[in-house]
Amino acid sequence: MLGRTAGQIFWMHRYLERSEYNARLVDAGFRIALTRTDAAAEEWASLVATSGVRDQYLERYDTFDGANVINFLIRDTSNPSSVISMVKSARENARHVRASLTREVWEAVNNCWMTLQKLLARPIREAELPGVLDVIRKQSAQGRGALHGTMLRNDIFDFARLGTFLERADNTARILDVKYYVLLPSASFVGSSLDNVQWETILRSVSAMRSYRWLHRGNATPLGIADFLIMDGRLPRSLAFCYEKIVDNLGYLAKDYGERHPCHELAADIRRQFHEETIETLFDAGLHEFLVRFLRENAALGAQIEKDYRFHE
Amino acid sequence: MSGDDRPFDEMLGAGDAVRDPYRPYNDWFQGEDIRRLRKKARESEAYFRSTGITFNVYGNNEATERLIPFDIVPRIISGREWWRLVKGIEQRVRAINAFLYDIYHRQEILRAGRIPVELIANNAAFVPQMMGVDPPGGIYTHIVGVDLVRTGEDQFYVLEDNTRTPSGVSYMLEDRETMLQMFPELFTRNAVRPVSDYPLELHRSLSSCAPPRAGDNPVVAILTPGLYNSAYYEHSFLADQMGAELVEGSDLRLVDGRIAMRTTRGYTPVDVLYRRIDDDFLDPLTFRPDSLLGVPGVMDVYRAGGITLANAPGAGIADDKAVYSYMPEIVQFYTGERAILQNVPTWRCGEPESLKYVLDHLAELVVKEVHGSGGYGMLVGPAATRRTLKEFAERLRRHPGNYIAQPTLSLSTVPILGRAGLESRHVDLRPFVQVSPDRIHVTPGGLTRVALKKGSLVVNSSQGGGTKDTWVLDD
C-alpha cells in the first residue's frame, strides 16, 4: 500500500479516537457541573487543558463557563481538536483513502460527518447536550463496528489500529497528567478516599466508572485509580492495554512485510515498563515525571512509525 | 427550439404510440403510484449523499460538494440501435488512433493536403514533444467518451470526441447500481445488458497496453490531482473498482529510470498510469514548470518506453473542435470507408464565407469556442437575447478563428419523473470506449445527461443537467 495511504488511515483513526475522547471529557464535565456547582469552573478549566487547547480557548473566552467550554470542545470549527473538526478531518482522510476502506466504514464516517454537521449547526443548549453526546457516541460506535465487522485483517487494519491506540494512550496519559496532583501522595496517602469529583472526572473520561466499581467496590484510592489506568491490561483505555495492542499490530506488520524497523524496538521498550514496574515503583519515582516521559515516548513512537513506513517523502 | 417541429421523443417516437424498447417499462409505469416513485427518487438522493457520489464546486471561499441530480426514468436503447452505434464508434475511434499516430509521425494526412497544415501547427492541443514517440502498444486513446445526440429514429450525430480524460463513467456505474437497488423488478421484465464489468475490462485493457518489460501482472495506477478536483469521486471509485492504486504526484518519483510509487515497503515501479490530469500538468520538466500535480521526469521515462500513459499526451489534438470539423475526411483517409456516424455540419468561422453565413444566421446557430469545454463560452442562438447576439457577433468578427458554428439540433427527448408524471426533457449520450492493441470495446450503456429545465438544450452538470441510467437491451 502507498505510504501516504497508510498515513492517512493512521491519522483518520487518531482523529476519530480524539473526537470521542473530547465528547467524553464534555460528558464528565457536565456531570460535575450538574452535581457540584461550586467546583464546576475549575473542572471545566482542567478539561480544556486536558484536551490540549487551553491557549486557543483563552484567545476566545476569558472565563471557563460551561456553555462556552461545551461549544468550544464540541462544535467550534476554529478549535482544531473539537469533535466537529476531528470528524471533518477524519472524513476528509477517509475520502482520500476510500479505495482502502470497505463501503461500510466509509459510510459510517461519512454519515457521522453528515449527521454531526446538521446537529451541530447551531449552538448546543444545555437541555440538548445529553442528546448530542448520545448521537456522537452512537456514531462513533457505528464506525468502530464497521471497522471490526468488515475490514480485512491486513496492513490497512494494522495502521488503523496503531492510530487508535497511540492516540488513546496519549489521551489517557493526558488526563492523568492534568489530574496527577490529586493522585499525589499526601499526608493521608495510603488508603485515603479521593475527592469524589476528581476521581469521577478521571474515570468518566476513559469510560471506566462502572468497571472500576466492579473491581474496587467503589473504594477510590489514588493508587487504585492510577494502577487501573496505567497498569491494568484488562481496561481498554489503560496505557498497558494500548501498548499490548500497539506491539501486536506492529508485530503483524513485521510478519506481513518480513521486515522489522526501529519502531518495533521502541514500542517493545515502552511496553516493558508496564511489565517490569509496579504502580508503587512508579509513584516512588514520581508520577508526573513518568507521565511526561511517557507522553514524549509515545509521540516519538508515532513519529518513528511515520518514518519507518514512509508516510511522507 | 425553432419552429413547431416537435423533437423526437425516444419513448413516444413521432406519433403517440410507445416505441418498442420502452413498452415493458411503460406497462410497469402505468401500474405504479406516482407518489411512491417520487418517494423513491428522494431516497436515491440520500443514497448518493451517503455513498459520497458528489462533485466539487468552487464558490467564493470554500469548496462544496454537490450532487448531480439523478432521474429515475431510464433511457432505453434497443439492441439493434446500439449495434449500429457501436459500428460507427469503433470506426471513428480506429480512425482517431491512426490520425494521432500519423500526426506525431510522418503527417501523411497533411502531405496529402486533406487537412490544412495550420490546423495542426498553430493548435495549442498539438504537443510537439510527442513527435516520433511510439506509445506502448501503439495506442493513443485508451479511453474515449464519444458524445452523441439523436434527432430522429435513425439520426445520430457525434457532437464531440472526448479523447483526453473523459469523465462520467462512475455515473454510468452508480446510476445502474442505484436502479438495481431501487427497482429490481424492472430488471426481470427487461433484458438490460450489464455495465458492471467496465472497471475490470478497463484494468485488462490498460494492462494489455503496458510496456513489454512490465511482465504478466503490470502495476496500474490512477493519477489524480487530488481531493479537491471536481471528479475526485470518480478517480477513487475507479481505483477501488479496478483494484488499482490511486496516486497523487507526490507519491511518485523517478527511481532507477522508472516511475515508482512510495509504498509502506519502499518504492514500487508503476507500469501503466491512467492519468486524470491534463497534459500541461503532467511533467514540470517538459510542460508547465510550476505544476505540482505531476511527476518530474515522467515524459523522459515515457519516451524511453518505460511507462504507459493513458491517454497519451497530445491525444487532445483529436478532439479539438476545429479538427472535429474534418472528422469525416479523417475517417475516410485512414479507414478508406465513409464515416458511419455523422458529424454535425460545422462552419469554421476562420473561413470568410463561413463567417459571413454564421453572422447572417446567428440567431439559428450554436457557436462554440474552439478550445472551450463544458458549455462555457458558447452561444445558443435561438435562446439568446438580441443584446447577447450583438455582443457575440462582435467577438466573432474580432477573433473568427476561435469559433465554429453548428445548426441548433433538435435533440431528442426522454421522459423524466416530474411533479405530475412523465415530462419530456432533452438528452445526450456518452458511451465509453476502451481501446487496446487487440480490440475496441464499447460498454453497452453510457452516461445519459439530461437538461432538467424544460426546453433547455444544455445538459452540462455545471449548468442544471442531471443523469439517467442508460439501458441497452439484449434484443
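Just so you know, these numbers use all the heavy atoms, side chains as well, and skip hydrogens, waters and symmetry mates. Bear in mind that the values here come from a model prediction, so they are computed numbers and not experimental data. Per chain, numbering begins at 1; letters A, B, ... match sequence-line order.
- Comment: Arg60(A) engages Asp76(A) in a salt bridge, judged by a side-chain N to carboxylate O separation of less than 4.0 angstrom.
- When heavy atoms are compared at a cutoff of 4.5 Å, Thr224(B) does not approach chain A at all.
- Residue contact with chain A, scored on non-hydrogen atoms closer than 4.5 Å, is absent for Phe237(B).
- No salt bridge links Glu45(B) with Arg42(B); every basic N to acidic carboxylate O contact stays at or beyond 4.0 Å.
- In this structure, the portion of Arg253(B) lying under 4.5 Å from any heavy atom of chain A is its side chain and not its backbone.
- Heavy atoms closer than 4.5 Å to chain B are found in both the backbone and the side chain of Met1(A).
- Annotation: residues 128-137 of chain A contacts chain B through no residue [non-hydrogen atoms, separation under 4.5 Å].
- Interface remark: Gln241(B) contributes no atoms to any contact with chain A (heavy atom separation under 4.5 Å).
- Among Asn110(A), Leu253(A), Asp308(A), the residue with the largest count of heavy-atom pairs under 4.5 Å with chain B is Asn110(A).
- Between Cys263(A) and the choices Ile246(A), Ile305(A), Leu162(A), the side chain to side chain contact (heavy atoms under 4.5 Å, CB included) rule is met once, by Ile305(A).
- The aromatic rings of Tyr243(A) and Phe274(A) sit tilted, their planes meeting at an angle between 30° and 60°.
- When each of Glu245(B), Met261(B), Glu248(B) is scored by its heavy-atom pairs under 4.5 Å with chain A, the top score falls to Glu248(B).
- Looking at Asp256(A), the atoms closer than 4.5 Å to chain B (heavy atoms on both sides) all sit in the backbone: N, CA, C or O.
- Outside the 6.0 Å centre-distance limit, the rings of His13(A) and Phe159(A) are not counted as a close aromatic pair.
- Under the 4.0 Å criterion applied to side-chain N and carboxylate O atoms, Arg4(A) and Glu313(A) are not assigned as salt-bridge partners.
- You'll find the ring centres of Tyr57(A) and Tyr61(A) inside the 6.0 Å limit.
- Proximity of the aromatic rings of Phe311(A) and Phe10(A) is defined here by a centroid distance below 6.0 angstrom, and this criterion is met.
- The cationic group of Lys468(B) does not satisfy the cation-pi geometry with Phe70(B), failing either the under 6.0 Å distance to the six-membered ring centre or the 45° limit from the ring axis.
- A side chain to side chain contact (heavy atoms under 4.5 Å, CB included) with Val195(B) is found for one member of Glu177(B), Glu201(B), Met172(B) and no other, namely Met172(B).
- When Glu92(A), Glu107(A), His96(A) are compared by the number of non-hydrogen pairs under 4.5 Å with chain B, His96(A) comes out ahead.
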